[in-house]
Each structure stands twice: as C-alpha cells, then as structure tokens.
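Structure, as structure tokens:
Just so you know, ligand 1 is whichever comes first in the structure, and atom 1 is the first atom listed for that ligand. Just so it is clear, the structure is predicted and the values come from calculations on it, not from any experiment.
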Amino acid sequence: MNQYIQNVLETVQKNHGHEAVFVQSVTEVLTSLEKVIAANAKYEKNRILERLVIPERAIIFQVPWIDDNGDVQVNYGYRVQFNSAIGPYKGGIRFHPSVNLGVLKFLGFEQIFKNSLTTLPMGGGKGGSDFDPKGKSDREVQTFCQNFMRELYRHIGPSVDVPAGDIGVGAREVGYMFGQYKKIVNSFDSVLTGKGLNWGGSLVRPEATGYGNAYFATEMLATRGTSFEGRRVAVSGSGNVAQFTVQKVTQLGGKVVTMSDSSGAIVDEEGIDAEKLAYIMELKNVKRGRISEYVNFNKSAKFIAGARPWGLTEASIAMPCATQNELDLENAKDLVKMGCIAVSEGANMPSTIEATEYFKANDVLFAPGKAANAGGVATSGLEMSQNAMRLSWSREEVDAKLRGIMKNIHQSARNAATEFGEPDNYVMGANIAGFRKVADAMIDQGV
Ligand code: NDP
C-alpha cells in the first residue's frame, strides 16, 4: 500500500480504533484512492488525507425531556460538521439507540464524497441521537424533537448546515424539528430538507433515495446489456429507502421477493406488488407496526424471525436498504451461490469490506451506497434550490433531474474507474470522483 495512505490509516486506527465503523469507512475510502494519491504529490504535500479524516467540528450536547409519565429522560445529541470545502454541511439526522459519535463520524465522512458526487454544492455532515422513537407516543416524539432542536438551532442555518432525515427521522420528526427552529429564530429558513409539501418540501424527496438507487442500478445493469425486467430482487429493510426502492424496481419490471426489519425477514415468492407495498407502507409509516404482520395480510408469504433476507430465496439482484454491516461475507457467498449478478446499496455501508471484496472477486456488479443512494441528498439539494427561488418544480421536473443526476453519478464513477484501469470498480470510481473535487477545493482555499 502507498506509504502516505498507510501512515494516515495507522494514525486513525491508533486514535480511533474504538470507533469501528468510522475506521472501516476511512479504510474503504483511503485504500481505494491509492492510484490518485500516487499520481498527485499535491495531496500529500497539503496533508489532505490527514485533514479529511478529522471533522472540522463535532458538537455533543444533552437533550433532557419529559416522558408521558412525567419522568425526566436524557439523551445524547450530536452534530458532526465534517467538511465544508464545496458547500454548507449537509447530511441527515439519525435517531436510533445504536447512535454514538463513531457512527455519526462514519456517516458524515461518507457524506463528504457522496455530496461531492451529486455535482451540487454541499459539504458533508451528519447528526443524531441515541433516542429511540420506536414505542414512544407521538407526544413524546414531539417533545424530544423540540428539545433536540433547542440546542441544535444555534449550529445550523441555510448557508451553514442543513440537516435532513435518516433512520428514525422521517416527515413527522422533520416537521417537529422545523417548527421548533422557526419558533426560536423567528425566520422561515430552508434549514431542513424532507419538509412537508405545503411548507417548503419538494415533490419526489420522500421517494428520491429509493428511486435513485433503482436508477443507478439500471445504469449499471445496462453496462452488461441487462435490466430489472423479469429479475428477482432481494431488498432488505422496510423503511423509507426500502419502500421506494421496491416501488421503482417493480415499476421497472423487477419482482421483489424479500423485505425485512430488525426483527426478521419476509419472503414472498409471488413478488411484492404495488398493492402489497401499499399495505407495508401503511403498516410501517402509519401504524408503526412490524414486518412480521405482513403474513397476516398475505398468507402465502413467510416470516423468518431474526433472519436477514440474503440467501433465503433466489435473487439475481440484491439491494440492501436497512443499515450498516447488514451483509457480511457469509451472506455474500449465499447471494453469489443463488445467482446474484448485481448489488446496489440503498443503505450506507451495508456490506462489510470482506463482502465487497467477495463480490468484486466474483464479477458481481457492485454499487456502493455513496453513489447508489446519493439521490436522496441530491433531491434535498433540489429542495434547497426551490426554497431559495421561492418556487416549486413539478413532480416530472424533479424526477427528471433526479434521473439525470443518477446517470451523471454513474458516469463519473465509471469514468474515474476507467481512467485508473478498472472500469467495473464502482467503489474506486465513486471514491476518486468524489475525493478529487473536495481535495482540490481544499487546496484552492488554503490552510
Ligand atoms: P428508516 O428508519 O425509514 O428505515 C430503516 C429500516 O432499516 C427499518 O426497516 C429498520 O427496521 C431497519 N433497520 C434499522 N436498523 C437495523 C438493524 N440494526 N438491523 C436490521 N434492520 C435495521 O430509515 P431509512 O430508510 O431512511 O434509512 C435506511 C438506510 O438508508 C440507512 O443506512 C440510511 O443511512 C440510508 N440512507 C437514507 C437516506 C434517506 O433519504 N432516508 C438517504 C441516504 C441513505 P426497524 O423498523 O425494525 O427499526
């Protein structure tokens, strides 16, 4: 390995070994930059890698709140403002008990390259809390969101940092946070994306990550002269990204045979069509139920408690859309054994490094999350543009722009991979294309 990259990785490992997923994402990115670093002495001279792996700023705060029993609760709040070389910090907010600084550093670090790939002017950031909205009343969620924003508001702004949703943060939570921000600063700012349609949101933003994932996969499959048409597709998760991945894949002629949540996976050999998906959306978004309930609605389907969807049934395309490290080497082997030819990541870093290597070694087309799921943040960028112009584009207009952006991301990742001699290596291509723009901007702006 290039000596400069090795030195930086050793330092990150030494200082942050306890932040395992952060170290994993830094390792994945830096090792794939080997050729571009070796060919350009300016990056080492300006110590770009050392500067890239340290957030420009990380804020940790307490969020005290009162539950429905009148008891005082307290959670951690975080915002990691990672890199602002090409625009204001931009990245979602995650509410999940597993959230800690290391998880948000991993997500913020990935976001730098993803946002750069979209071609829009957005820096990288991420935030969240270890608060678990699951099982909480609507009033408790509202109280928590308001108290979270009571501190966060002073660190964000339309030209400073613009958060959005992520795991555990959807339209409801964005609404409560936006309402509180507006009350405190007395200004209707474009400070969050994923807003409701009648108060500044963009058409297609809810669908954008999943649709973008399917659009990216379409481009990637086309390089092998194939498409979703008639193919069986395994999807994991049943939240925002999974739902709209399933919707678009189905519209494009694919047959989705699995979905999941943290309690297990469903297999539906007949395919999850539009009507069945509508049931799942109502179940997860309105009733806030569990995926296991799907078998009550569709008796021929199976629920396998505690299982991940990989290898439960044949599928030639896999689209992990739940969470990080949900697809390991064993899962990758099962997928390949059962005929998988392509993987497109809707979630952030759902495949472990070993699984990714296995796909590569077995000639499976592999789209890393930072390219395949960039449609969400890209459409957030479009929401910011519409807010700045004080107008709204039609559904067709936003969808066409999203499609165009995903096509461009695919092309720039492929071009960079081809330039360095490995046209099918989307991990290397996406990382190099995202990195160059940010690194050059950092050099332009001085130390
Ligand atoms: P949601 O909260 O809407 O859905 C998350 C889904 O993943 C749920 O089905 C959840 O199950 C499941 N899940 C969460 N944690 C685990 C776990 N530890 N094990 C198994 N299943 C789990 O989140 P999103 O759909 O928004 O996000 C999914 C992924 O996509 C994340 O990696 C996120 O970072 C990424 N992403 C999201 C974007 C967006 O626009 N929303 C943009 C780009 C990336 P359960 O209901 O049981 O918790």
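- Contacts between Ser98 and ligand 1, counted as non-hydrogen atom pairs separated by less than 4.0 Å, are absent for every part of the residue.
- Close N/O approach between Lys114 and ligand 1 is not found [any backbone or side-chain N/O within under 3.5 Å].
- Of the protein's non-hydrogen atoms, Ala322 O, 3.3 Å is the one closest to atom 29 (C) of ligand 1.
- Between the side chain of Ser116 and the backbone N or O of Ile112, no donor-acceptor pair lies under 3.5 Å.
- Here His96 has side-chain heavy atoms under 4.0 Å from ligand 1, and that is the only part of it that gets that close.
- In this structure, Asn240 contributes its side chain and Pro206 its backbone to a donor-acceptor pair below 3.5 Å.
- Closest to atom 22 (C) of ligand 1 by heavy atom, among Gly165, Ser262, Gly369, Gly91, is Ser262.
- For Arg205, every heavy-atom contact with ligand 1 shorter than 4.0 Å involves the side chain, none the backbone.
- Taking the six-membered ring where the residue is Trp, Phe109 and Phe113 present perpendicular rings, their angle passing 60° and hence far from 30°.
- Remark: minimum distance from atom 48 (O) of ligand 1 to any protein heavy atom is reached at Lys134 NZ, 2.9 Å.
- Scanning the protein for heavy atoms near atom 34 (O) of ligand 1, the closest one is Asp166 OD1, 2.6 Å.
- Nearest protein neighbour of atom 6 (C) of ligand 1, counting heavy atoms only, is Gly239 N, 4.0 Å.
- Nearest non-hydrogen protein atom to atom 37 (C) of ligand 1 is Val241 CG2, 3.4 Å.
- More than 12 heavy-atom neighbours from other residues, nucleotides or ligands sit within 6.0 angstrom of OH on Tyr279.
- Heavy atoms from other residues, nucleotides or ligands lying under 6.0 Å from NZ of Lys302 number 12 at most.
- Here is the list of ligand 1 atoms found below 4.0 Å of a heavy atom in Ser260: 9 (O).
- Between Gln324 and ligand 1, not a single N/O pair is under 3.5 Å apart.
- For the pairing with Leu152, the side-chain contact (heavy atoms from CB on, under 4.5 Å) check across Ile59, Val63, Ile93 returns one residue only, Ile93.
- When atom types are taken as modelled, the side chain of Glu397 and the backbone of Trp393 share no donor-acceptor pair closer than 3.5 angstrom.
- Within the 4.0 Å heavy-atom cutoff, Ser238 counts among the residues contacting ligand 1.
- Ligand 1 is never approached by Met259 to a heavy-atom distance shorter than 4.0 Å.
- Within the 4.0 Å heavy-atom cutoff, Gln243 does not count among the residues contacting ligand 1.
- For Gln73 (side chain) and Ile66 (main-chain N/O), no donor-acceptor pair under 3.5 Å exists by modelled atom type.
- At least one heavy atom of Arg94 sits less than 4.0 Å from an atom of ligand 1.
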Show the numbers, then the answer: is there a side-chain contact (heavy atoms from CB on, under 4.5 Å) between Arg308 and Leu327?
-> CA-CA 8 Å; Arg308 297 168 175 182; Leu327 197 166; 5.8 Å; no
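- The protein heavy atom nearest to atom 42 (C) of ligand 1 is Thr209 OG1, 3.4 Å.
- On a distance-only criterion, Arg290 and ligand 1 share at least one N/O pair closer than 3.5 Å.
- Among all protein heavy atoms, the one lying closest to atom 18 (N) of ligand 1 is Thr323 CG2, 3.6 Å.
- One finds the CD atom of Gln13 at 11.0 Å from the CD atom of Glu19 (value rounded to the nearest 0.5 Å).
- The shortest N or O to N or O distance between Gly168 and ligand 1 is below 3.5 Å.
- Counting heavy atoms closer than 4.0 Å to ligand 1, residue Asn240 contributes atoms from both its backbone and its side chain.
- Ring pair Phe144/Phe131 is parallel by interplanar angle, where below 30° counts as parallel and above 60° as perpendicular.
- Contacts of Ala164 with ligand 1, taken as heavy-atom pairs under 4.0 Å, are absent altogether.
- Considering CG of Asn387 and CH2 of Trp199, their distance stands at 10.5 Å, rounded to 0.5 Å.
- Other residues, nucleotides and ligands contribute only 12 or fewer heavy atoms inside 6.0 Å of the CZ atom of Arg390.
- Nearest to atom 27 (O) of ligand 1 among the protein's heavy atoms is Ile167 CG1, 3.6 Å.
- Between Lys284 and ligand 1 there is a heavy-atom distance shorter than 4.0 Å.
- Taking the six-membered ring where the residue is Trp, Tyr294 and Phe297 present tilted rings, their angle falling between 30° and 60°.
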